[in-house]
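Encoded as structure tokens, the structure appears first; notes follow it.
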Amino acid sequence: MSRPEYIEIIESIFHKTKHVKTDQFKYVGKRVVRWDAISKVTGRPIFTADLINLVKNPVFVYSVRSKYAHARIKKIDVSDAVRYPGVVRVFTASDIPGVNDIGYVIPDQPLIADRKVRYIGDTIALVVAESLENAREAGELISVDYEPLPVYLDPLEIVDFETLQEKEHVLIHDERGTDILTRYRIRVGNVEKAFKEASVIVENTYKTPAQEHAYLEPEAAIAIPEPDGSVIIYTKTQCPFDVRRAVSSVLGLPYHMIRVIAPALGGGFGGAEDVGNEIAAKTALVALALKRPAVIIHTREESVISHTKRHPMIAYYKHAASRDGTLLAIEARIVLDTGAYASLGPFVAWRATVHSTGPYRVRNARVDLVNVYTNKIPAGAFRGFGNPQVHFAVERQMDLLAEELGVDPVEFRLKNILRNGDRTVHGQLLDHGVGVEEAIKRAVELSNYYEKKKLYESMSGNIRRGVGIALLYHGNSIGAEGADYSAVSIIINRDGSITFRSGTTDMGQGSIQSLLNIASEILGVPPTYFKVEWADTASVPDSGPTVASRVTVMTGNATLVATYKLRQRLNILAAEMLNCKSPDDVVIEAPRVYCIDKPERYITWRELIEQAFWKGIPLQEYGYFRAPPAEWYDETGTGQPYFTYTFGAVISEVEVDLETGLVKVVEATTVYDIGRVINRVGAELHAIGGYVQGMGYALMEDTYYSPDGKLLNPNFSAYHIPTALDIPEKINVDFVEAGFIRGPFGAKGLGEPSIVGVAPSIVNAIAHALRHKQAKYDVNKIPVTPDFLYSIIKKYGIKK
Amino acid sequence: MSRLHRVKLRVNGRDYELEVPGCERLVDTLRYRLGFTGVKEGCGRGECGTCIVLVNNELRHSCLTLTARLNGAEIATIEGIAPPGMLHAVQVAFIETSGVQCGFCTPGMIMVAKALIDHNPDPSIDEIREWLTSVLCRCGSYSLFIMAVKKAIEYLKKGQVYFAEKEVREKLHLKVLG
Amino acid sequence: MFDLYKPTSLNDAIEFLASNYPDAIPLAGGTELLILIRDGRIKPPKYLVDLAPLKKQLSYVRVEDGYVKIGALTTIWELSNTILHRDIRFAGFRDIWHKFGTIALRFSATIGGNIATATDFSDYIVLLLAYDASIKLTGISGERIVPLEKLLVDRRKLDLKPGELIIEILIPEPPLNASSAFEKFDRRRVLIAGLANSASYLHLEGKKILEARVSLDVVREKRIPGRIKLLEDFLKGRELSEELIEKVVEELLPRIVEKYTDWWTTAEYRLEMSKVAVKRTLLTVGKRLGVI
């Protein structure tokens with residue numbers, strides 16, 4: 001079967017460059033000042049809410065939200081609100097022209113609640129007024145006749161933890177007939193036999209919290225009705241084309257009548273994947289109905305309540321190993337809590353299942369995972385997407401097992417990690433690109449792991465130190481979730497400047513810089529030649545959603561393909577113009593273009609482009625890349641779930657105050673195998689920033705609810721994220737480059753992997769600091785808040 | 001109910017005469033009346049620091065400041081910490097140390113950095129850290145911002161306070177740093 | 001929402017506050033009041049009385065007549081440039097500085113405002129109680145001076161007459177060989193409420209404790225700061241040492257202090273941390289006075 005041209009191009013570049021050391025490239029792997037740095041340090045209006053001064057005569061949309069976490073709606077009376085000064089109109093579910101649904105994966109989430117409400121945050125009406133203040137005040141006057149239903153905040157009220165069977169309860173999603181969203185499993189080998197033969201068995205239950213993205217920019221959307229009945233929507237979103245799809249469904253309009261533009265995002269981390277659909281649909285609905293621009297700007301509290309959280313997890317794990325330190329079998333029962341609506345839940349559940357055994361050779365595995373609804377803020381995408389949860393459990397298990405075996409945690413892992421030529425638990429052959437061993441060795445070296453371990457184990461006093469390691473692997477892009485493709489469009493303008501169009505959004509991750517570095521490297525022009533256009537569905541190709549650590553690989557490949565084709569054409573022309581022996585001899589070091597054996601005789605880039613223009617050689621190119629479809633067999637959890645995996649090793653050193661239970665991270669070391677470093681600044685910032693965010697997850701972040709389902713900490717004083725005083729004194733960062741044949745120059749993604757290993761490494765370090773075998777089992781929950789740790793310290797009498 | 005207060009403000013070097021209700025917040029005056037959208041609103045409660053501006057050379061959370069109280073005040077936002085067409089050393093340092101990610105905390109962070117250096121031209125790392133706690137950064141760039149402050153201090157020690165934006169663009173925009 | 005009234009003088013302010021009571025509330029830094037209004041925790045009043053015109057008059061730190069007198073509108077930032085941050089007798093003020101909000105907030109927040117918020121995490125109240133501070137109030141019925149302890153009625157409730165303003169804090173000037181410490185910690189380093197905030201003040205003669213004052217964010221029942229008198233009485237006259245602190249706090253604190261459980265943490269943990277906080281403040285003062 002013939003392979004697509006784009007695969008040929010990517011693989012040929014990989015083969016040509018796989019022995020080229022990264023420091024030999026001109027732009028790939030270099031520190032390049034990002035394309036938007038100047039506009040960000042000068043405070044230019046690049047975020048959605050900043051654009052409001054460009055619209056005249058807007059109306060403001062305020063979402064009136066449910067006061068009950070679970071109730072049937074008997075009647076909504078908006079008459080008092082309608083009459084309130086400044087109010088233009090009040091919208092309810094019946095005003096939706098198309099489908100009243102914004103569910104990202106399954107249609108389970110009304111845009112405006114009609115029949116029932118399922119969490120305190122469900123929108124029941126939109127008040128549209130001349131000012132936000134008027135709208136809010138009028139919203140108080142809406143009266144709803146609710147019939148309250150039982151509120152379920154604990155997923156174990158929905159499903160039994162032993163059997164994972166649904167329990168009897170008043171269904172939250174009665175229209176689905178069940179509150180089990182999805183189930184996944186892995187059945188490989190024979191776990192029963194393995195457990196019988198095992199010398200050591202470790203079992204424990206683990207819990208992880210609902211983490212809030214806490215990005216600094218609250219969501220905003222501005223919808224502008226066009227004279228031809230179409231609508232332009234500026235909205236905070238990571239996925240402008242998904243917004244278009246969602247709005248099309250809600251309004252009953254074809255795609256081309258909906259233009260979505262994604263400005264810069266002040267942080268996303270997955271939280272802006274589906275909330276963008278919601279606020280875009282709301283503002284577009286209002287704008288088209290009233291023929292005036294419509295604006296939504298969320299307060300911090302509205303932001304926290306309206307966008308999804310990280311899925312909390314409760315997991316039972318049982319690991320078995322032989323006396324010689326070989327991992328024999330893993331059994332796991334995992335419950336994820338998707339809150340009131342599915343959001344990305346089905347995909348999070350799948351990724352969690354796929355990664356549920358960690359980056360190890362596992363011959364026998366039995367994993368059952370279930371994702372259930374509760375009456376809490378919906379859980380959806382958050383950097384890591386199910387992987388941080390399962391890796392927390394797995395990496396704690398590995399440490400406990402190592403202890404039972406009397407083996408050093410690093411040695412135990414080295415014995416069982418995947419290496420080139422191994423198969424994953426799903427049976428996928430990884431014939432190349434597995435850099436975890438090198439990552440471990442590098443991390444151990446950089447962090448001085450063994451010296452510190454020895455030193456800390458001999459410490460006494462009230463302040464204890466510990467060092468811990470965690471490994472990770474993270475499948476790149478969306479795997480079996482759907483069609484995995486990306487595209488870019490590159491236009492070389494007649495004066496030689498270059499317009500770069502892609503549907504990639506920037507939420508700070510800077511992956512667009514990776515694309516520019518790739519394009520620059522292939523074309524031979526400096527990145528300064530490029531201008532990046534905003535992601536605008538009317539004019540950029542659909543690059544797929546900016547999620548799943550996929551941009552560098554998928555959109556990077558698309559960029560590579562586009563520039564490669566352009567380069568080929570330019571090479572042919574330049575060879576003619578310069579009389580080179582062959583087009584392959586053409587060197588482009590813009591502004592100069594010359595034959596490799598005659599550098600003195602050159603033409604300029606502009607001359608080349610002008611000549612191409614006159615000769616009718618196309619100076620635009622559309623680059624497309626499609627990943628080979630993933631394979632996944634639901635019955636067994638086997639196949640080829642992801643086309644490649646990023647690997648990593650994280651080592652954390654902590655200081656534990658036995659008197660208070662307070663934990664401080666003193667130093668951290670992260671080494672990630674990302675195939676090839678394309679954007680060095682971006683990669684380093686991911687390693688550092690991911691560590692800080694993972695540290696918050698490990699030590700201080702959790703969402704709390706009152707018994708009736710109200711979120712108690714929707715602001716920054718009650719939801720703690722790390723400040724400048726909380727960060728470790730030092731974070732060491734390094735990279736391993738076990739290139740992936742189908743990544744641009746061998747590159748793999750880092751967006752999410754950079755958080756996956758952090759919490760387990762910190763908790764492993766905390767357990768190490770305790771130096772008490774039994775107590776270590778109790779450190780099975782994050783966040784390890786001081787009171788939680790203190791209770792363990794006290795229980796086991798761990799003293800100076 | 002909405003009595004209007006006459007307020008004279010000098011914002012970023014230019015004089016304005018406004019009439020504002022007593023309850024109007026400075027962040028709204030700056031962003032929506034005067035168009036200085038470099039001032040952000042991340043929380044509205046003085047916790048995130050993205051709304052921080054300088055009022056009479058003192059740091060203020062503009063989300064917790066009432067414009068009507070500021071008659072005669074001199075206000076600087078990110079748009080005005082350097083003369084038109086120029087960048088302040090702190091801004092250049094932020095570019096060169098490459099810590100900026102999503103950019104939402106950046107204006108507030110730069111205001112705080114500038115105020116720190118104006119207050120103490122040679123702060124310790126601990127002092128830098130303590131000042132920078134005024135602004136939350138979820139992207140996690142704190143350590144790079146600390147480096148940026150140190151770099152800005154070097155510039156200021158050499159007497160280099162302002163840089164022409166055009167030259168900075170020439171020298172740095174999309175350039176390889178190493 | 002609300003209107004702003006700008007008084008022309010202190011008298012004008014107190015007259016306006018009294019005649020418009022309870023529809024007029026004084027506005028100092030705004031770092032607490034504006035948040036309460038924004039969050040809907042208090043109904044927007046008709047007027048906020050802008051105290052900024054009184055700033056010059058009410059911002060000062062003076063030592064006179066055997067007292068350290070602090071103007072109520074002195075900002076936390078301004079406090080850091082006074083004797084309160086330089087003299088070891090007031091070391092606890094420097095401790096609060098490192099924990100009070102963030103630096104940016106300290107330019108706006110005032111010490112009078114912190115007292116007016118009257119909650120368990122009003123850090124200056126905790127410290128000022130250990131200094132036996134009194135508060136000068138003024139209103140249409142004249143001036144009066146009330147011990148801070150008496151002024152605190154309950155959480156967010158001060159014993160103020162309608163329209164009364166806090167204008168000055170008076171601390172009896174501490175003798176030499178006295179110092180203080182303040183302790184506050186939580187899940188992260190700053191922007192915290194505190195698990196158990198404590199302040200200690202000791203006046204020593206050699207190792208002998210001549211005077212001891214210990215305060216906590218919550219002692220029992222009411223969620224406002226208070227002094228732990230039983231502890232103070234026991235310490236007085238004894239010789240300060242690590243062992244004494246350990247013994248006294250471990251034995252006595254649980255008898256007097258009762259904390260509360262909420263969604264953040266448990267009463268038991270808060271009690272344990274109260275012990276730690278009190279021990280640490282006492283130890284720190286001991287170290288500061290060169291005795292430990």
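Computed from a predicted structure; not experimentally measured. Each chain gets a letter, A, B and so on, in the order its sequence line appears, and its residues count up from 1.
Highest contact tally toward chain A, considering only B/Thr133, B/Thr106, B/Val135, B/Val90, is held by B/Thr133 [criterion: heavy-atom pairs under 4.5 Å]. Considering only heavy-atom pairs separated by less than 4.5 Å from chain B, the leading option among A/Ile721, A/Leu685, A/Leu725 is A/Leu685. For the set B/Ile146, B/Ile95, B/Thr50, the entry with the most heavy-atom pairs within less than 4.5 Å of chain A is B/Ile95. The candidate with the highest count of non-hydrogen atom pairs below 4.5 Å against chain A, out of B/Cys102, B/Gly140, B/Gly99, B/Gly49, is B/Cys102. Heavy-atom pairs under 4.5 Å with chain B were tallied for A/Asn715, A/Ile727, A/Asp36, A/Val681; the largest tally goes to A/Asn715. Interface check for chain B: of the options A/Trp35, A/Phe269, A/Phe47, the most heavy-atom pairs under 4.5 Å are formed by A/Phe47. Between chain B and the residues A/Gly689, A/Gly510, A/Gly508, the largest count of heavy-atom pairs under 4.5 Å involves A/Gly508. Contact count against chain B (heavy-atom pairs under 4.5 Å) is highest for A/Ala214 among A/Pro45, A/Ala214, A/Ala37. For the options A/Met507, A/His213, A/His686, A/Glu729, heavy-atom pairs under 4.5 Å to chain B are most numerous at A/His213. Residue with the most contacts toward chain A among B/Gly38, B/Ser98, B/Cys105: B/Ser98 (heavy-atom pairs, distance under 4.5 Å).
Here the CD1-CG distance, from A/Ile38 to B/Leu172, works out to 6.5 Å after rounding to the nearest 0.5 Å. Here the CD1-SG distance, from A/Ile688 to B/Cys139, works out to 12.5 Å after rounding to the nearest 0.5 Å. With values rounded to the nearest 0.5 angstrom, A/Tyr215 atom OH is found 15.5 Å from B/Leu136 atom CG.
In terms of heavy atoms, B/Arg45 sits closest to A/Ser717 at NH1-OG, 3.3 Å. Scanning all heavy atoms of the two residues, the minimum distance from A/Thr528 to B/His173 falls at CG2-O, 3.1 Å. Taking both residues in full, the closest heavy atoms of A/Val41 and B/Phe94 are given as CG1-CB, 3.9 Å, listed atom of the first, atom of the second, then distance. Heavy atoms only, all atoms of each residue included: B/Pro107 and A/Gly43 are closest at CG-CA, 4.1 Å. Of all the heavy atoms in A/Phe716 and B/Cys43, the pair that sits closest is CD1-CB, 3.8 Å.
Contact of A/Leu516 with chain B is made through the side chain alone, with heavy-atom distances under 4.5 Å. Residue A/Lys26 touches chain B through its backbone alone, counting heavy-atom pairs closer than 4.5 Å. For B/Ser143, the parts lying under 4.5 angstrom from a heavy atom of chain A are both the backbone and the side chain. Only the side chain of B/Ile110 comes within contact range of chain A, judged by heavy atoms closer than 4.5 Å. Within the 4.5 angstrom heavy-atom criterion, no atom of B/Ile81 approaches chain A. Looking at B/Arg129, the atoms closer than 4.5 Å to chain A (heavy atoms on both sides) sit in the backbone and in the side chain alike. For chain B, no part of A/Glu684 is nearby; none of its heavy atoms comes within less than 4.5 Å. For B/Leu144, the part lying under 4.5 angstrom from a heavy atom of chain A is the side chain only. Proximity to chain B is limited to the backbone of A/Leu265, based on heavy atoms less than 4.5 angstrom apart. In this structure, the portions of B/Lys175 lying under 4.5 Å from any heavy atom of chain A include both its backbone and its side chain. Using a 4.5 Å cut-off between heavy atoms, A/Ile297 contacts chain B through its side chain alone, with no backbone atom that close. A/Val692 touches chain B through its side chain: at least one heavy atom from C-beta onward sits under 4.5 Å away, while N, CA, C and O do not.
With a 4.5 Å cut-off on side-chain heavy atoms, A/Pro218 and B/Phe104 count as touching. The side-chain heavy atoms of B/Ile78 and A/Thr42, taken from C-beta on, include no pair separated by under 4.5 Å. Within the 4.5 Å cutoff, the side chain of B/Glu41 has no heavy atoms near those of the A/Thr299 side chain. When side chains are defined from C-beta on, B/Leu177 counts as touching A/Val33, because their heavy atoms get closer than 4.5 Å.
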Worksheet item: What do the steps show when you test B/Thr37 against A/Arg44 for side chain to side chain contact (heavy atoms under 4.5 Å, CB included), and what is the final call?
Response: CA-CA 7 Å; B/Thr37 50; A/Arg44 300 265 149 84; over 6 Å; no

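In this structure, the side chain of B/Gln101 does not engage the main chain of A/Gln509 through any donor-acceptor pair within 3.5 Å. Of the possible polar contacts, one joining the A/Asn53 side chain to the B/Arg31 backbone as a donor-acceptor pair under 3.5 Å is found.
For B/Glu167, the CD atom sits in a loose shell: 12 or fewer heavy atoms of surrounding residues, nucleotides or ligands are nearer than 6.0 Å. Shown here is B/Glu170, whose CD atom has no more than 12 heavy atoms of other residues, nucleotides or ligands within 6.0 Å.
With sequence neighbours excluded, no residue forms a side-chain hydrogen bond (donor to acceptor under 3.5 Å, both in side chains) with B/Tyr142.
Using a cutoff of 4.0 Å between basic side-chain nitrogens and carboxylate oxygens, A/Glu133 and B/Arg25 are not scored as salt-bridged. A salt bridge links A/Glu701 with B/Arg138: at least one charged nitrogen is closer than 4.0 Å to a carboxylate oxygen.
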